[in-house]
Amino acid sequence: MNYDQKMINRIKRLQGQLNGVVKMMEEDKDCKDVITQLSSSKSALQRLMAVIVSENLVECVKAAEDNNEDSQALIEEAINLLVKSK
């Protein structure tokens with residue numbers, strides 16, 4: 001799978017968020033603020049995982065169709081990956 005620059009940028013933003021959380025913890029910020037930032041980071045990560053799985057699924061199904069293969073197993077695998085990411 002080819003990971004595009006948008007995906008890489010999402011990871012970099014997530015790294016920045018997590019670095020901010022570390023700084024908040026080091027500065028003994030209120031736990032509600034820390035949890036809010038962690039929750040935001042978790043949501044961003046889950047969205048990225050969904051994007052990666054869905055784009056991979058599209059690529060795999062197209063490849064299976066091009067090779068006259070059954071794509072059902074690939075679809076089931078993608079669904080399992082999505083379930084695991086929750």
Side-chain angles (χ1 to χ4, degrees):
M1 177 169 171
N2 185 24
Y3 300 101
D4 64 20
Q5 193 59 45
K6 288 181 183 180
M7 291 179 192
I8 294 167
N9 290 343
R10 284 181 181 220
I11 289 290
K12 289 179 180 182
R13 278 193 302 276
L14 184 56
Q15 285 175 323
Q17 281 183 301
L18 292 174
N19 288 335
V21 171
V22 169
K23 185 176 179 182
M24 290 172 71
M25 295 171 87
E26 290 171 345
E27 295 173 353
D28 292 325
K29 298 291 182 179
D30 187 71
C31 72
K32 289 182 268 184
D33 296 330
V34 171
I35 294 301
T36 298
Q37 288 302 312
L38 285 172
S39 178
S40 175
S41 298
K42 178 183 173 186
S43 295
L45 184 58
Q46 286 177 321
R47 284 190 305 271
L48 176 59
M49 290 170 69
V51 167
I52 290 171
V53 169
S54 65
E55 289 189 13
N56 184 57
L57 174 61
V58 169
E59 288 180 17
C60 289
V61 169
K62 284 180 182 178
E65 290 173 353
D66 290 344
N67 296 326
N68 293 324
E69 297 173 2
D70 182 21
S71 58
Q72 185 61 37
L74 297 170
I75 293 170
E76 289 174 10
E77 182 180 356
I79 291 170
N80 287 334
L81 286 172
L82 283 172
V83 169
K84 285 180 184 179
S85 72
K86 296 289 179 187

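Counting from 1, the numbers follow the sequence of the chain as shown.
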| task | With rounding to the nearest 0.5 Å, note down the distance linking CD in Gln5 to NZ in Lys12. | result | 6.0 Å

| query | Can you hop from Ile11 to Ile52 via hydrophobic side chains spaced under 4.5 Å? | reply | yes

| field | 4.5 Å side-chain heavy-atom contact, Lys23 and Asn19 | value | no

| Flag, side chain of Ser43 to backbone of Ser39, donor-acceptor distance under 3.5 Å | yes

| task | Treat each ILVMFWY residue as a node, draw an edge where side-chain heavy atoms are under 4.5 Å apart, and state whether Tyr3 and Leu48 are in one component. | result | yes

| message | On a heavy-atom basis, which atom in Gln37 and which in Val21 lie closest, and how many Å separate them? | response | CB-CG2, 3.5 Å

| query | Does any non-hydrogen side-chain atom of Met7 lie less than 4.5 Å from one of Asp4? | reply | yes

| query | Is there a path of hydrophobic side-chain contacts, each under 4.5 Å between heavy atoms of I, L, V, M, F, W or Y residues, that connects Val53 with Val58? | reply | no

| message | Taking Lys32's backbone N and O only, do any of them form a donor-acceptor pair with Thr36's side chain (distance below 3.5 Å, no angle check)? | response | yes

| Sub-4.5 Å side-chain heavy-atom contact between Val51 and Arg10 | yes

| note | SG (Cys31) and CE (Met25) are apart, to the nearest 0.5 Å, by 10.5 Å

| request: Considering non-hydrogen atoms only, spot the tightest contact between Ser41 and Leu14 and give its length. | output: O-CD1, 3.4 Å

